[in-house]
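All values below come from the heavy atoms of this structure, side chains included, with hydrogens, waters and symmetry mates left out.
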Amino acid sequence: VAHAYLFTGPRGVGKTSVARIFAHDVNGLEYDDDSMHLDIIEIDAASNRRIDEVRELREVVRIAPTSTRYKVIIIDEVHMLTREAFNALLKTLEEPPDYVIFILATTEVHKLPATIISRTQRFNFSPISEQDTVKQLKHIASSENITVDDDALELIAKHSEGSLRDGLSLLDQLSSGSKVIGRDVVRSMVGEIPDQLLSEVLMAVSSKDLKKIILTLDDLKQKGYEPTRLSQQLSQRLRNDIIGETISLPRNVSLQLLAKLIEVPASYDPLISLQIALMEAVEIQPVISSDKPATKQPAAKSSAPLNTAKPPSITSEAPIDKTGESFTLKDDSLWPQILETIKQQYNTLYGIARMANASFSDDTLTLRFHFPFHQKRLNDPINRKIIKDAANELSGRVIEVVCQIDTSLPKPESNLSQSSTPAQKISGDPEIVSIRNIFGGAELLQSE
(Lines give C-alpha, C1' and ligand atoms only; values in the text may rest on other atoms or scores of the structure.)
Protein backbone atom coordinates (compact mmCIF):
# COMPACT_ATOMS: atom_id res chain seq x y z
CA VAL A 1 0.00 0.00 0.00
CA ALA A 2 1.44 3.35 -1.08
CA HIS A 3 1.19 6.49 1.00
CA ALA A 4 -0.36 8.59 -1.79
CA TYR A 5 -2.47 7.89 -4.90
CA LEU A 6 -3.54 10.10 -7.78
CA PHE A 7 -6.76 9.24 -9.64
CA THR A 8 -7.17 11.16 -12.91
CA GLY A 9 -9.77 11.06 -15.66
CA PRO A 10 -12.93 12.75 -16.99
CA ARG A 11 -15.98 13.45 -14.85
CA GLY A 12 -18.34 10.70 -13.83
CA VAL A 13 -16.06 7.70 -14.40
CA GLY A 14 -15.78 6.61 -10.76
CA LYS A 15 -12.66 8.27 -9.34
CA THR A 16 -14.24 9.32 -6.04
CA SER A 17 -16.30 6.15 -5.76
CA VAL A 18 -13.20 3.98 -6.18
CA ALA A 19 -11.37 6.16 -3.65
CA ARG A 20 -14.13 5.53 -1.07
CA ILE A 21 -14.24 1.79 -1.79
CA PHE A 22 -10.44 1.58 -1.52
CA ALA A 23 -10.45 3.53 1.76
CA HIS A 24 -12.90 1.05 3.27
CA ASP A 25 -11.18 -2.01 1.84
CA VAL A 26 -7.68 -1.23 3.18
CA ASN A 27 -9.27 -0.88 6.62
CA GLY A 28 -11.33 -4.07 6.33
CA LEU A 29 -14.60 -2.15 6.48
CA GLU A 30 -17.78 -3.02 4.61
CA TYR A 31 -18.68 -0.34 2.10
CA ASP A 32 -22.04 1.09 1.12
CA ASP A 33 -23.06 4.47 -0.24
CA ASP A 34 -24.24 5.77 3.16
CA SER A 35 -21.30 4.51 5.18
CA MET A 36 -19.16 7.08 7.01
CA HIS A 37 -16.17 6.62 9.28
CA LEU A 38 -14.13 9.00 11.39
CA ASP A 39 -10.88 7.77 9.88
CA ILE A 40 -12.01 8.32 6.27
CA ILE A 41 -11.97 12.05 5.58
CA GLU A 42 -13.24 13.62 2.33
CA ILE A 43 -12.26 17.16 1.39
CA ASP A 44 -13.63 19.15 -1.54
CA ALA A 45 -10.70 21.21 -2.78
CA ALA A 46 -13.02 23.45 -4.79
CA SER A 47 -14.40 24.96 -1.56
CA ASN A 48 -11.36 24.33 0.68
CA ARG A 49 -8.56 25.51 -1.53
CA ARG A 50 -6.69 27.98 0.62
CA ILE A 51 -3.49 27.44 2.58
CA ASP A 52 -5.36 27.73 5.90
CA GLU A 53 -7.47 24.65 5.13
CA VAL A 54 -4.37 22.66 4.20
CA ARG A 55 -2.66 23.69 7.43
CA GLU A 56 -5.66 22.42 9.36
CA LEU A 57 -5.40 19.17 7.40
CA ARG A 58 -1.79 18.81 8.44
CA GLU A 59 -2.88 19.00 12.07
CA VAL A 60 -5.51 16.29 11.46
CA VAL A 61 -2.87 14.04 9.88
CA ARG A 62 -0.83 14.09 13.08
CA ILE A 63 -3.65 12.39 14.99
CA ALA A 64 -3.59 8.60 14.79
CA PRO A 65 -6.66 6.68 13.50
CA THR A 66 -9.33 5.98 16.12
CA SER A 67 -10.21 2.35 15.34
CA THR A 68 -8.74 1.44 11.96
CA ARG A 69 -5.31 0.71 10.60
CA TYR A 70 -5.16 3.68 8.21
CA LYS A 71 -6.44 7.23 8.23
CA VAL A 72 -7.42 7.89 4.59
CA ILE A 73 -7.60 11.49 3.29
CA ILE A 74 -9.55 11.85 0.01
CA ILE A 75 -9.07 15.25 -1.68
CA ASP A 76 -11.50 15.68 -4.56
CA GLU A 77 -10.84 18.18 -7.40
CA VAL A 78 -7.35 18.64 -6.00
CA HIS A 79 -6.34 20.83 -8.97
CA MET A 80 -8.38 23.65 -7.42
CA LEU A 81 -5.88 24.18 -4.59
CA THR A 82 -3.88 27.39 -4.68
CA ARG A 83 -0.13 27.37 -5.24
CA GLU A 84 0.47 28.14 -1.58
CA ALA A 85 -1.83 25.31 -0.53
CA PHE A 86 0.06 22.89 -2.81
CA ASN A 87 3.32 23.95 -1.20
CA ALA A 88 1.87 23.33 2.25
CA LEU A 89 0.58 19.91 1.16
CA LEU A 90 3.90 18.92 -0.40
CA LYS A 91 5.75 18.56 2.88
CA THR A 92 3.10 16.19 4.25
CA LEU A 93 3.18 14.10 1.04
CA GLU A 94 6.96 13.81 1.28
CA GLU A 95 7.05 12.47 4.83
CA PRO A 96 3.60 11.29 5.94
CA PRO A 97 3.03 9.18 9.05
CA ASP A 98 2.89 5.44 8.37
CA TYR A 99 -0.83 5.33 9.16
CA VAL A 100 -1.90 7.99 6.60
CA ILE A 101 -2.96 7.40 2.98
CA PHE A 102 -3.72 10.29 0.62
CA ILE A 103 -5.99 9.82 -2.41
CA LEU A 104 -6.03 12.82 -4.76
CA ALA A 105 -8.74 12.92 -7.45
CA THR A 106 -8.81 15.36 -10.36
CA THR A 107 -10.24 15.90 -13.83
CA GLU A 108 -7.44 18.31 -14.80
CA VAL A 109 -4.16 16.66 -13.90
CA HIS A 110 -2.18 19.12 -16.04
CA LYS A 111 -2.87 21.80 -13.41
CA LEU A 112 -1.05 19.85 -10.69
CA PRO A 113 2.57 20.73 -9.91
CA ALA A 114 5.07 18.10 -11.02
CA THR A 115 6.35 17.89 -7.45
CA ILE A 116 2.92 16.65 -6.29
CA ILE A 117 2.50 14.14 -9.13
CA SER A 118 5.97 12.67 -8.60
CA ARG A 119 5.10 11.73 -5.01
CA THR A 120 2.00 9.70 -5.87
CA GLN A 121 1.05 6.48 -7.62
CA ARG A 122 -0.97 7.62 -10.61
CA PHE A 123 -3.97 5.77 -12.06
CA ASN A 124 -5.72 7.04 -15.18
CA PHE A 125 -9.47 6.41 -15.39
CA SER A 126 -10.87 6.06 -18.91
CA PRO A 127 -14.32 7.06 -20.18
CA ILE A 128 -16.84 4.22 -20.06
CA SER A 129 -17.77 2.81 -23.46
CA GLU A 130 -21.25 3.33 -24.83
CA GLN A 131 -21.83 -0.44 -24.88
CA ASP A 132 -20.99 -0.77 -21.16
CA THR A 133 -23.10 2.28 -20.33
CA VAL A 134 -26.10 0.84 -22.19
CA LYS A 135 -25.65 -2.51 -20.44
CA GLN A 136 -25.55 -0.92 -16.98
CA LEU A 137 -28.47 1.44 -17.68
CA LYS A 138 -30.55 -1.47 -18.97
CA HIS A 139 -29.81 -3.42 -15.77
CA ILE A 140 -30.84 -0.49 -13.57
CA ALA A 141 -33.97 0.23 -15.61
CA SER A 142 -35.02 -3.40 -15.29
CA SER A 143 -34.45 -3.32 -11.52
CA GLU A 144 -36.52 -0.14 -11.18
CA ASN A 145 -39.33 -1.35 -13.48
CA ILE A 146 -38.63 1.38 -16.03
CA THR A 147 -39.53 0.62 -19.64
CA VAL A 148 -36.95 2.08 -22.00
CA ASP A 149 -36.20 0.97 -25.54
CA ASP A 150 -32.72 0.25 -26.86
CA ASP A 151 -32.62 3.34 -29.11
CA ALA A 152 -33.33 5.54 -26.10
CA LEU A 153 -30.60 3.85 -24.07
CA GLU A 154 -28.11 4.30 -26.89
CA LEU A 155 -28.96 8.00 -27.11
CA ILE A 156 -28.57 8.39 -23.32
CA ALA A 157 -25.20 6.65 -23.47
CA LYS A 158 -24.08 8.80 -26.39
CA HIS A 159 -25.12 11.99 -24.60
CA SER A 160 -23.33 10.97 -21.38
CA GLU A 161 -20.00 10.95 -23.29
CA GLY A 162 -18.35 8.23 -21.24
CA SER A 163 -19.68 9.43 -17.88
CA LEU A 164 -21.87 6.77 -16.28
CA ARG A 165 -22.86 9.27 -13.60
CA ASP A 166 -24.28 11.62 -16.25
CA GLY A 167 -26.12 8.69 -17.85
CA LEU A 168 -27.67 7.70 -14.51
CA SER A 169 -28.71 11.29 -13.78
CA LEU A 170 -30.41 11.56 -17.17
CA LEU A 171 -32.21 8.23 -16.73
CA ASP A 172 -33.38 9.40 -13.31
CA GLN A 173 -34.76 12.63 -14.80
CA LEU A 174 -36.54 10.80 -17.59
CA SER A 175 -38.07 8.17 -15.27
CA SER A 176 -39.51 10.87 -13.01
CA GLY A 177 -41.76 12.01 -15.83
CA SER A 178 -42.66 8.67 -17.39
CA LYS A 179 -42.10 4.97 -16.81
CA VAL A 180 -42.05 4.41 -20.59
CA ILE A 181 -39.09 6.11 -22.27
CA GLY A 182 -38.56 6.29 -26.03
CA ARG A 183 -35.94 7.93 -28.21
CA ASP A 184 -38.10 11.00 -28.90
CA VAL A 185 -38.49 11.61 -25.16
CA VAL A 186 -34.72 11.46 -24.70
CA ARG A 187 -34.10 13.68 -27.73
CA SER A 188 -36.47 16.28 -26.31
CA MET A 189 -34.85 16.13 -22.86
CA VAL A 190 -31.25 16.55 -24.05
CA GLY A 191 -32.13 19.06 -26.79
CA GLU A 192 -30.63 16.97 -29.57
CA ILE A 193 -31.13 18.40 -33.03
CA PRO A 194 -32.53 16.07 -35.72
CA ASP A 195 -30.10 14.97 -38.44
CA GLN A 196 -32.28 16.58 -41.10
CA LEU A 197 -31.80 20.04 -39.58
CA LEU A 198 -28.04 19.49 -39.35
CA SER A 199 -28.02 18.59 -43.04
CA GLU A 200 -29.92 21.79 -43.85
CA VAL A 201 -27.28 23.89 -42.06
CA LEU A 202 -24.39 22.18 -43.87
CA MET A 203 -26.26 22.43 -47.18
CA ALA A 204 -26.65 26.17 -46.69
CA VAL A 205 -22.89 26.45 -46.06
CA SER A 206 -22.09 24.28 -49.07
CA SER A 207 -24.37 26.34 -51.33
CA LYS A 208 -22.92 29.62 -49.95
CA ASP A 209 -26.40 30.79 -48.91
CA LEU A 210 -25.74 33.29 -46.10
CA LYS A 211 -29.39 34.26 -45.79
CA LYS A 212 -30.48 30.65 -45.33
CA ILE A 213 -27.81 30.11 -42.66
CA ILE A 214 -29.12 33.02 -40.58
CA LEU A 215 -32.78 32.07 -41.06
CA THR A 216 -32.10 28.41 -40.19
CA LEU A 217 -30.26 29.34 -37.00
CA ASP A 218 -33.08 31.72 -36.01
CA ASP A 219 -35.61 28.95 -36.63
CA LEU A 220 -33.64 26.52 -34.45
CA LYS A 221 -33.48 29.13 -31.70
CA GLN A 222 -37.26 29.60 -31.87
CA LYS A 223 -37.69 25.84 -31.50
CA GLY A 224 -35.63 25.93 -28.30
CA TYR A 225 -32.41 24.37 -29.57
CA GLU A 226 -29.23 25.64 -27.93
CA PRO A 227 -26.47 27.00 -30.21
CA THR A 228 -23.87 25.25 -28.05
CA ARG A 229 -25.59 21.91 -28.65
CA LEU A 230 -25.85 22.66 -32.37
CA SER A 231 -22.13 23.44 -32.55
CA GLN A 232 -21.30 20.18 -30.76
CA GLN A 233 -23.48 18.12 -33.09
CA LEU A 234 -22.10 19.86 -36.17
CA SER A 235 -18.58 19.12 -34.92
CA GLN A 236 -19.44 15.45 -34.49
CA ARG A 237 -21.08 15.34 -37.92
CA LEU A 238 -18.04 16.87 -39.63
CA ARG A 239 -15.73 14.53 -37.74
CA ASN A 240 -17.77 11.51 -38.87
CA ASP A 241 -17.72 12.84 -42.43
CA ILE A 242 -13.92 13.11 -42.38
CA ILE A 243 -13.50 9.61 -40.93
CA GLY A 244 -16.05 8.09 -43.31
CA GLU A 245 -14.79 10.16 -46.26
CA THR A 246 -18.30 11.52 -46.79
CA ILE A 247 -18.27 14.88 -48.53
CA SER A 248 -20.53 17.48 -46.89
CA LEU A 249 -17.95 20.24 -47.27
CA PRO A 250 -14.44 20.40 -48.77
CA ARG A 251 -11.84 18.94 -46.44
CA ASN A 252 -10.03 22.23 -45.76
CA VAL A 253 -13.36 23.99 -45.08
CA SER A 254 -14.43 21.22 -42.67
CA LEU A 255 -11.17 21.46 -40.72
CA GLN A 256 -11.31 25.25 -40.39
CA LEU A 257 -15.00 25.14 -39.44
CA LEU A 258 -14.25 22.50 -36.79
CA ALA A 259 -11.65 24.81 -35.24
CA LYS A 260 -14.24 27.59 -34.99
CA LEU A 261 -17.04 25.36 -33.67
CA ILE A 262 -14.88 24.27 -30.74
CA GLU A 263 -14.77 27.90 -29.55
CA VAL A 264 -18.56 28.44 -29.68
CA PRO A 265 -19.57 26.98 -26.25
CA ALA A 266 -17.05 29.17 -24.41
CA SER A 267 -17.89 32.39 -26.28
CA TYR A 268 -19.78 35.35 -24.79
CA ASP A 269 -22.64 34.97 -27.28
CA PRO A 270 -22.72 31.39 -28.65
CA LEU A 271 -25.42 32.13 -31.25
CA ILE A 272 -23.50 35.02 -32.83
CA SER A 273 -20.26 33.04 -32.67
CA LEU A 274 -21.93 30.13 -34.43
CA GLN A 275 -23.33 32.41 -37.14
CA ILE A 276 -19.91 33.96 -37.73
CA ALA A 277 -18.22 30.53 -37.85
CA LEU A 278 -20.67 29.27 -40.49
CA MET A 279 -20.48 32.45 -42.56
CA GLU A 280 -16.68 32.37 -42.48
CA ALA A 281 -16.89 28.79 -43.73
CA VAL A 282 -18.80 30.15 -46.72
CA GLU A 283 -16.15 32.77 -47.40
CA ILE A 284 -13.15 30.41 -47.27
CA GLN A 285 -14.58 28.06 -49.89
CA PRO A 286 -12.88 28.46 -53.27
CA VAL A 287 -15.04 30.46 -55.65
CA ILE A 288 -14.28 29.06 -59.07
CA SER A 289 -15.91 31.02 -61.85
CA SER A 290 -15.50 30.58 -65.59
CA ASP A 291 -18.33 32.93 -66.61
CA LYS A 292 -15.96 35.63 -67.85
CA PRO A 293 -14.49 35.02 -71.30
CA ALA A 294 -10.86 34.02 -71.07
CA THR A 295 -8.26 36.43 -72.44
CA LYS A 296 -6.08 34.82 -75.05
CA GLN A 297 -2.42 35.11 -74.10
CA PRO A 298 0.56 34.03 -76.18
CA ALA A 299 2.31 30.85 -75.07
CA ALA A 300 5.63 31.32 -73.34
CA LYS A 301 8.65 29.72 -74.94
CA SER A 302 10.37 27.00 -72.99
CA SER A 303 13.54 29.09 -72.74
CA ALA A 304 11.75 32.16 -71.35
CA PRO A 305 12.33 33.08 -67.66
CA LEU A 306 9.68 31.84 -65.23
CA ASN A 307 9.12 35.06 -63.30
CA THR A 308 8.02 37.36 -66.14
CA ALA A 309 5.18 39.82 -66.43
CA LYS A 310 3.09 37.13 -68.10
CA PRO A 311 2.62 33.83 -66.25
CA PRO A 312 3.96 30.68 -67.90
CA SER A 313 1.62 29.08 -70.36
CA ILE A 314 0.47 25.49 -70.39
CA THR A 315 1.14 23.08 -73.17
CA SER A 316 -1.19 20.36 -74.27
CA GLU A 317 -0.79 17.23 -76.30
CA ALA A 318 -4.48 16.99 -77.25
CA PRO A 319 -5.24 13.93 -75.10
CA ILE A 320 -8.00 11.52 -75.94
CA ASP A 321 -11.07 11.38 -73.67
CA LYS A 322 -12.92 8.21 -72.67
CA THR A 323 -15.14 8.35 -75.78
CA GLY A 324 -12.12 8.24 -78.05
CA GLU A 325 -12.51 11.83 -79.27
CA SER A 326 -9.62 14.23 -78.94
CA PHE A 327 -10.07 17.63 -77.32
CA THR A 328 -8.08 20.82 -77.06
CA LEU A 329 -7.63 22.43 -73.66
CA LYS A 330 -7.22 26.14 -74.37
CA ASP A 331 -3.49 25.63 -74.68
CA ASP A 332 -2.42 29.25 -74.31
CA SER A 333 -4.93 30.40 -71.73
CA LEU A 334 -5.74 27.57 -69.27
CA TRP A 335 -2.80 28.07 -66.91
CA PRO A 336 -3.10 31.89 -66.96
CA GLN A 337 -6.83 31.47 -66.21
CA ILE A 338 -6.02 29.17 -63.28
CA LEU A 339 -3.51 31.71 -61.96
CA GLU A 340 -6.01 34.54 -62.32
CA THR A 341 -8.68 32.54 -60.49
CA ILE A 342 -6.30 31.72 -57.64
CA LYS A 343 -5.10 35.33 -57.42
CA GLN A 344 -8.65 36.55 -56.70
CA GLN A 345 -8.79 34.77 -53.33
CA TYR A 346 -5.41 33.20 -52.55
CA ASN A 347 -2.78 35.86 -53.17
CA THR A 348 -0.04 34.03 -51.25
CA LEU A 349 -0.68 30.81 -53.16
CA TYR A 350 -0.65 32.79 -56.40
CA GLY A 351 2.79 34.19 -55.52
CA ILE A 352 4.14 30.62 -55.40
CA ALA A 353 2.15 29.15 -58.29
CA ARG A 354 3.29 31.79 -60.78
CA MET A 355 6.83 30.44 -60.40
CA ALA A 356 5.81 27.17 -62.05
CA ASN A 357 6.73 25.89 -65.48
CA ALA A 358 3.38 24.29 -66.37
CA SER A 359 2.64 21.56 -68.89
CA PHE A 360 -0.40 19.39 -69.58
CA SER A 361 -0.48 15.77 -70.74
CA ASP A 362 -2.99 12.93 -70.33
CA ASP A 363 -5.29 14.81 -67.92
CA THR A 364 -2.28 15.66 -65.75
CA LEU A 365 -1.14 19.18 -65.00
CA THR A 366 2.59 19.06 -64.22
CA LEU A 367 4.10 22.00 -62.36
CA ARG A 368 7.88 22.06 -62.34
CA PHE A 369 9.93 24.32 -60.06
CA HIS A 370 13.57 25.16 -59.80
CA PHE A 371 13.44 25.57 -55.99
CA PRO A 372 12.27 22.84 -53.55
CA PHE A 373 10.56 25.53 -51.46
CA HIS A 374 8.01 26.16 -54.22
CA GLN A 375 7.43 22.47 -54.88
CA LYS A 376 6.87 21.74 -51.19
CA ARG A 377 4.33 24.56 -50.80
CA LEU A 378 2.35 23.53 -53.88
CA ASN A 379 2.43 19.87 -52.79
CA ASP A 380 0.47 20.77 -49.65
CA PRO A 381 -2.87 18.90 -50.02
CA ILE A 382 -4.96 22.04 -49.48
CA ASN A 383 -3.01 24.14 -52.01
CA ARG A 384 -2.94 21.33 -54.57
CA LYS A 385 -6.71 20.86 -54.19
CA ILE A 386 -7.36 24.56 -54.83
CA ILE A 387 -5.38 24.36 -58.06
CA LYS A 388 -7.03 21.08 -59.04
CA ASP A 389 -10.54 22.48 -58.43
CA ALA A 390 -9.74 25.52 -60.54
CA ALA A 391 -8.34 23.34 -63.35
CA ASN A 392 -11.37 21.01 -63.25
CA GLU A 393 -13.83 23.90 -63.39
CA LEU A 394 -12.08 25.77 -66.17
CA SER A 395 -11.33 22.71 -68.34
CA GLY A 396 -14.51 20.75 -67.68
CA ARG A 397 -12.48 17.63 -67.00
CA VAL A 398 -10.94 15.80 -64.05
CA ILE A 399 -7.35 17.00 -63.86
CA GLU A 400 -4.58 15.60 -61.67
CA VAL A 401 -1.93 18.01 -60.39
CA VAL A 402 1.70 16.89 -60.00
CA CYS A 403 4.45 19.10 -58.54
CA GLN A 404 8.07 18.34 -59.35
CA ILE A 405 11.55 19.79 -58.83
CA ASP A 406 13.57 20.46 -61.97
CA THR A 407 16.89 22.17 -61.24
CA SER A 408 17.63 22.29 -64.96
CA LEU A 409 15.10 25.09 -65.25
CA PRO A 410 16.56 28.61 -65.23
CA LYS A 411 16.32 30.43 -61.94
CA PRO A 412 13.45 32.95 -61.78
CA GLU A 413 14.50 36.40 -62.83
CA SER A 414 12.92 39.62 -61.68
CA ASN A 415 11.14 42.00 -64.06
CA LEU A 416 11.85 44.89 -61.69
CA SER A 417 13.55 47.83 -63.29
CA GLN A 418 16.17 50.00 -61.61
CA SER A 419 15.10 53.53 -60.77
CA SER A 420 16.52 56.57 -59.03
CA THR A 421 14.27 56.49 -55.93
CA PRO A 422 15.71 54.80 -52.77
CA ALA A 423 12.80 52.37 -52.34
CA GLN A 424 13.03 51.28 -55.98
CA LYS A 425 16.78 50.84 -55.70
CA ILE A 426 16.29 48.56 -52.70
CA SER A 427 13.66 46.62 -54.64
CA GLY A 428 16.11 46.20 -57.48
CA ASP A 429 18.98 45.10 -55.28
CA PRO A 430 20.25 41.68 -56.52
CA GLU A 431 20.00 40.06 -53.07
CA ILE A 432 16.47 41.39 -52.53
CA VAL A 433 15.48 40.25 -56.02
CA SER A 434 16.89 36.77 -55.30
CA ILE A 435 14.89 36.49 -52.07
CA ARG A 436 11.72 37.68 -53.82
CA ASN A 437 12.12 35.14 -56.60
CA ILE A 438 12.83 32.20 -54.26
CA PHE A 439 9.87 32.84 -51.97
CA GLY A 440 7.43 34.23 -54.52
CA GLY A 441 7.17 37.57 -52.70
CA ALA A 442 4.69 40.09 -54.03
CA GLU A 443 5.41 42.90 -51.55
CA LEU A 444 8.60 44.44 -50.18
CA LEU A 445 8.57 46.12 -46.76
CA GLN A 446 11.32 48.71 -46.27
CA SER A 447 12.72 49.51 -42.83
CA GLU A 448 13.53 53.18 -42.32
- Message: Can you tell me how the ring of F123 sits relative to the ring of F7, calling it parallel under 30°, perpendicular over 60° and tilted otherwise?
- Response: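 F123 vs F7 ring planes: perpendicular.
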
Counting only N and O atoms by type, is there a donor-acceptor contact under 3.5 Å from the side chain of [X] to the main-chain atoms of [Y]?
| X | Y | answer |
| --- | --- | --- |
| Q233 | L198 | no |
| S176 | Q173 | yes |
| N392 | I399 | yes |
| T216 | K212 | yes |
| S175 | D172 | yes |
| K71 | I63 | yes |
| R229 | Y225 | no |
| S267 | V264 | yes |
| H24 | R20 | yes |

- Query: Given the rule in the side-chain contact (heavy atoms from CB on, under 4.5 Å) test, do I342 and Y350 qualify, once you have shown the distances and angles that lead to the verdict?
  - Reply: CA-CA 6 Å; I342 296 172; Y350 165 77; 4.2 Å; yes

Who passes side chain to side chain contact (heavy atoms under 4.5 Å, CB included) against [X], sequence neighbours left out?
| X | answer |
| --- | --- |
| E130 | A157, K158 |
| T68 | N27, L29, H37, D39, P65 |
| S17 | none |
| E154 | V134, D151 |

Taking the side chain as everything from C-beta on, heavy atoms only, tell me whether [X] gets closer than 4.5 Å to [Y].
| X | Y | answer |
| --- | --- | --- |
| F102 | T92 | yes |
| T107 | T8 | no |
| L365 | I338 | yes |
| L90 | F86 | no |
| Q404 | L367 | no |
| E192 | L155 | yes |
| I128 | Q136 | no |
| L112 | T106 | yes |

- Query: What do the steps show when you test E226 against K221 for salt bridge (Lys or Arg N to Asp or Glu O under 4.0 Å), and what is the final call?
  - Reply: CA-CA 7 Å; E226 293 291 332; K221 181 182 178 182; over 6 Å; no

- What are the two closest non-hydrogen atoms of A281 and V253, and how far apart are they?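 That closest heavy-atom pairing would be O-CG1, 3.7 Å.
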
- Message: If you count heavy atoms of other groups shown closer than 6.0 angstrom to NE2 of H110, is the number above 12?
- Response: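 Yes, NE2 of H110 has more than 12 neighbouring heavy atoms, counting only those of other groups under 6.0 Å.
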
- Answer yes or no: are there more than 12 heavy-atom neighbours, outside M189 itself, under 6.0 Å from its atom CE?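 More than 12 heavy atoms, drawn from other residues, nucleotides or ligands, come within 6.0 Å of this atom.
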
- Message: Using side chain to side chain donor-acceptor pair (under 3.5 Å), reason through D132 and S129 one step at a time and then give a plain yes or no.
- Response: CA-CA 5 Å; D132 289 339; S129 68; 3.2 Å; yes

- Nearest-0.5 Å distance that lies between atom CG in L394 and atom CD in E340: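 CD of E340 is found 11.0 Å from CG of L394.
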
- Message: So, taking the atom named CG in L278 and the one named CD1 in I213, what distance separates them when rounded to the nearest 0.5 Å?
- Response: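 Output value for this atom pair is 5.5 Å.
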
- Message: Applying side-chain contact (heavy atoms from CB on, under 4.5 Å) to N124 and V109, what does each step give before you reach the verdict?
- Response: CA-CA 10 Å; N124 298 321; V109 69; over 6 Å; no

- Pair R11 + D166, salt bridge at N-O below 4.0 Å: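 A salt bridge links R11 with D166.
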
- Can you list the steps and then say if L6 with I117 is a side-chain contact (heavy atoms from CB on, under 4.5 Å)? CA-CA 7 Å; L6 175 61; I117 297 175; 4.1 Å; yes

- Tell me, please, which residues at least two apart from D150 pass side chain to side chain donor-acceptor pair (under 3.5 Å).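 Once residues adjacent in sequence are excluded, the partners of D150 under the side chain to side chain donor-acceptor pair (under 3.5 Å) criterion are K138.
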
- Task: Taking side chain to side chain donor-acceptor pair (under 3.5 Å) as the test, write out the residues that go with Q236, two or more places apart.
- Result: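 Q236 satisfies side chain to side chain donor-acceptor pair (under 3.5 Å) with N240 only.
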
- Check against side-chain contact (heavy atoms from CB on, under 4.5 Å), K223 and D219: CA-CA 6 Å; K223 292 179 179 178; D219 182 52; 3.3 Å; yes

